[in-house]
Amino acid sequence: MNPHAERMSRVDTAWLRMDSDVNLMLIVGVWLIAPALGLDELRARVAERLLAYRRFRQKAVVDATGANWVLDADFDLARHVVAERLPRRRGRSERTALQALCGELAMKPLDRAHPLWQFHLVEDYEGGSALVMRIHHSIADGIALIAVTLSITDGGRAPPARAPAAEPEADWLADAVLKPLTEMTVKAIGLYGGGVTKALALLADPPDTLGLARSGTRIVKDAVALAAMADDAPTRLKGRPSGRKLVAWGEPIPLDAVKLVGKALGASVNDVLLACVAGAIGGYLRAAGDEPAGQEIRAMVPVNLRPLEQAWQLGNRFGLAPLVLPIGIENPIERLYGVRARMNELKDSYQPLLAFAILSVTGLFVKPVQDAVLGLFSKKTTAVMTNVPGPAQPLRFCGRTVRQNLFWVPASGGVGVGVSILSYGGGVQFGLITDAALCPDPQALIDRFEPEFQKLLVLALMLPWGEG
């Protein structure tokens with residue numbers, strides 16, 4: 001074994017092996033930069049800042065029991081930071097061409113003989129430049145990658161030169177999940193033993209020696225709920241993906257206006273944004289000839305499980321919470337309160353930790369077993385959805401302004417829809433990545449987000465204002 005190799009964590013190994021012919025585990029981001037940026041200047045900044053993280057010089061080497069991070073002796077920056085030209089077609093805007101490029105890159109495999117990332121610079125885009133970033137999920141989760149991207153901006157903070165070692169995955173997982181989980185809860189999530197039925201029988205009359213604490217009881221309840229989730233509603237957004245990706249985005253919505261609506265209607269900013277997502281999806285389905293009345297769909301929402309000051313350590317430490325979206329409620333106020341109620345149900349839930357534990361365990365299994373577990377998750381959800389707070393002020397990069405900041409997360413198994421919500425520079429940006437077989441026109445869906453917000457804004461402004 002290479003003495004300089006670093007053992008990949010179990011959960012990162014699971015992400016490494018999760019690529020399929022219909023979904024690659026690539027986090028794709030786009031910076032729209034003004035004025036234009038040159039390739040040489042970009043490579044110089046990446047060499048100075050990004051390569052301060054050793055992980056971006058390491059390749060993933062798979063063995064019989066997992067994988068290692070190993071320095072790439074043949075590392076070449078020019079292989080990872082490349083120039084791109086937008087395909088020019090008559091009648092197609094630059095934005096449409098960039099969206100097409102992003103969709104193609106989302107399903108273009110990275111070379112596993114080298115570090116699993118690549119930057120693509122479109123030097124001439126709308127009077128400035130566009131930078132498309134592709135990073136494999138095995139390197140880091142979204143929160144960690146935000147820390148990385150901030151570090152390469154002007155004035156960004158580099159990773160600690162002599163940082164304390166990251167807490168071992170096994171110890172962290174044991175303290176956070178497995179100690180209160182106990183063996184019977186592992187049975188409850190259906191991974192071992194006789195499955196949910198036997199586990200429920202045990203839970204009905206547990207031995208006194210188990211001494212379940214309140215937290216343990218909640219974990220058991222959440223584990224059973226996670227295992228017992230029904231398959232998701234069969235809308236046109238759920239089905240067999242084709243492997244061809246499409247992306248779309250809209251113009252940012254002012255964050256202050258979102259906060260105003262939330263305050264006026266007694267809801268959080270997240271509640272407001274998720275209600276817009278549910279309304280847009282419901283409206284899209286109606287326009288396509290479906291009737292979603294009374295229907296709900298489930299979106300898996302990543303939940304950060306580590307302190308933000310440790311994000312520079314990279315790797316994946318997030319869970320997945322199943323959020324139910326009431327797409328069948330047309331009344332925007334009723335839908336908002338429906339979302340709020342469902343969000344409140346997730347508070348203090350252990351389901352994100354349990355999902356992390358499941359991913360960690362599957363990192364020990366052979367790939368067919370891992371795929372089978374992911375297949376069960378796929379049946380229970382229609383979309384992956386992220387909601388990430390970004391910088392309040394526009395970023396500066398190589399003396400330029402990052403005027404727009406976009407990203408898309410991958411979906412695993414047979415999930416074909418990804419919704420991204422990112423606050424940045426005083427606005428809230430919606431992004432969408434879909435499989436062409438399930439949603440052939442994601443822009444038509446994205447274009448419904450802002451009108452849904454306007455409905456809530458108008459209703460909020462109609463409320464009585466003043467003291468009291």
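Reckoned from all heavy atoms, side chains included, excluding hydrogens, waters and symmetry mates.
Closest non-hydrogen pair, Met25 versus Trp15, comes out as SD-CZ3, 3.5 Å. Closest approach of Ala67 to Leu16, counting heavy atoms only: CB-CD2, 3.9 Å. The two atoms that bring Pro109 and Leu24 nearest to each other are N-CD1, 3.6 Å, heavy atoms only.
More than 12 heavy atoms of other residues, nucleotides or ligands lie within 6.0 Å of CZ in Arg112, so this atom counts as buried by the packing criterion. Sparse packing is recorded around CZ of Arg244, with 12 or fewer heavy atoms of other residues, nucleotides or ligands lying under 6.0 Å away. Sparse packing is recorded around CD of Gln393, with 12 or fewer heavy atoms of other residues, nucleotides or ligands lying under 6.0 Å away.
Rounded to the nearest 0.5 angstrom, Ile139 CD1 and Phe56 CZ are separated by 5.0 Å. Rounded to the nearest 0.5 angstrom, Ile421 CD1 and Leu274 CG are separated by 5.0 Å.
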*Given side-chain contact (heavy atoms from CB on, under 4.5 Å), test Trp31 with Val132 step by step and report yes or no.*
CA-CA 7 Å; Trp31 281 355; Val132 184; over 6 Å; no

*For the pair His136 and Asp19, evaluate side-chain contact (heavy atoms from CB on, under 4.5 Å) and give the outcome as yes or no after the intermediate values.*
CA-CA 10 Å; His136 199 279; Asp19 287 340; 3.1 Å; yes

*Is there a salt bridge (Lys or Arg N to Asp or Glu O under 4.0 Å) between Arg55 and Asp12 once you walk through the steps?*
CA-CA 13 Å; Arg55 184 71 77 243; Asp12 292 347; 5.7 Å; no

*Where do Glu251 and Gln404 land on the side chain to side chain donor-acceptor pair (under 3.5 Å) test, with the steps shown first?*
CA-CA 9 Å; Glu251 293 303 310; Gln404 207 161 354; 4.5 Å; no

*In sequence, state the C-alpha distance, the side-chain angles, and the governing distance for Arg342 and Glu296, and then conclude on salt bridge (Lys or Arg N to Asp or Glu O under 4.0 Å).*
CA-CA 11 Å; Arg342 288 157 178 80; Glu296 299 176 330; 2.3 Å; yes

*Taking it one step at a time, do Lys455 and Glu452 satisfy salt bridge (Lys or Arg N to Asp or Glu O under 4.0 Å)?*
CA-CA 5 Å; Lys455 293 177 187 177; Glu452 288 296 333; 3.2 Å; yes

*Derivation and outcome, salt bridge (Lys or Arg N to Asp or Glu O under 4.0 Å), residues Glu123 and Arg85*: CA-CA 8 Å; Glu123 293 189 49; Arg85 288 188 178 275; over 6 Å; no

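Lys238 has no carboxylate O lying under 4.0 Å from a charged side-chain N of Asp232, or vice versa, which leaves the two without a salt bridge.
No hydrogens or angles considered: nothing links the side chains of Ser268 and Arg340 as a donor-acceptor pair under 3.5 Å. Of the N and O atoms on the side chains of Asp435 and Ser242, at least one donor lies less than 3.5 Å from an acceptor on the other residue.
Tested against Trp249 for a ring-ring contact (aromatic ring centres under 6.0 Å, His included), the candidates Tyr424, Phe449, Trp408, Phe430 yield a single pass: Trp408. Here the options are Val261, Leu260, Ile253, the test is side chain to side chain contact (heavy atoms under 4.5 Å, CB included), and the partner is Val272; only Val261 passes.
Side-chain contact between Gln99 and Leu246 is absent, with no heavy-atom pair separated by less than 4.5 Å.
At least one cation-pi condition fails for Arg134 and Phe119: the charged atom is not both under 6.0 angstrom from the six-membered ring centre and inside a 45 degree cone around its axis.
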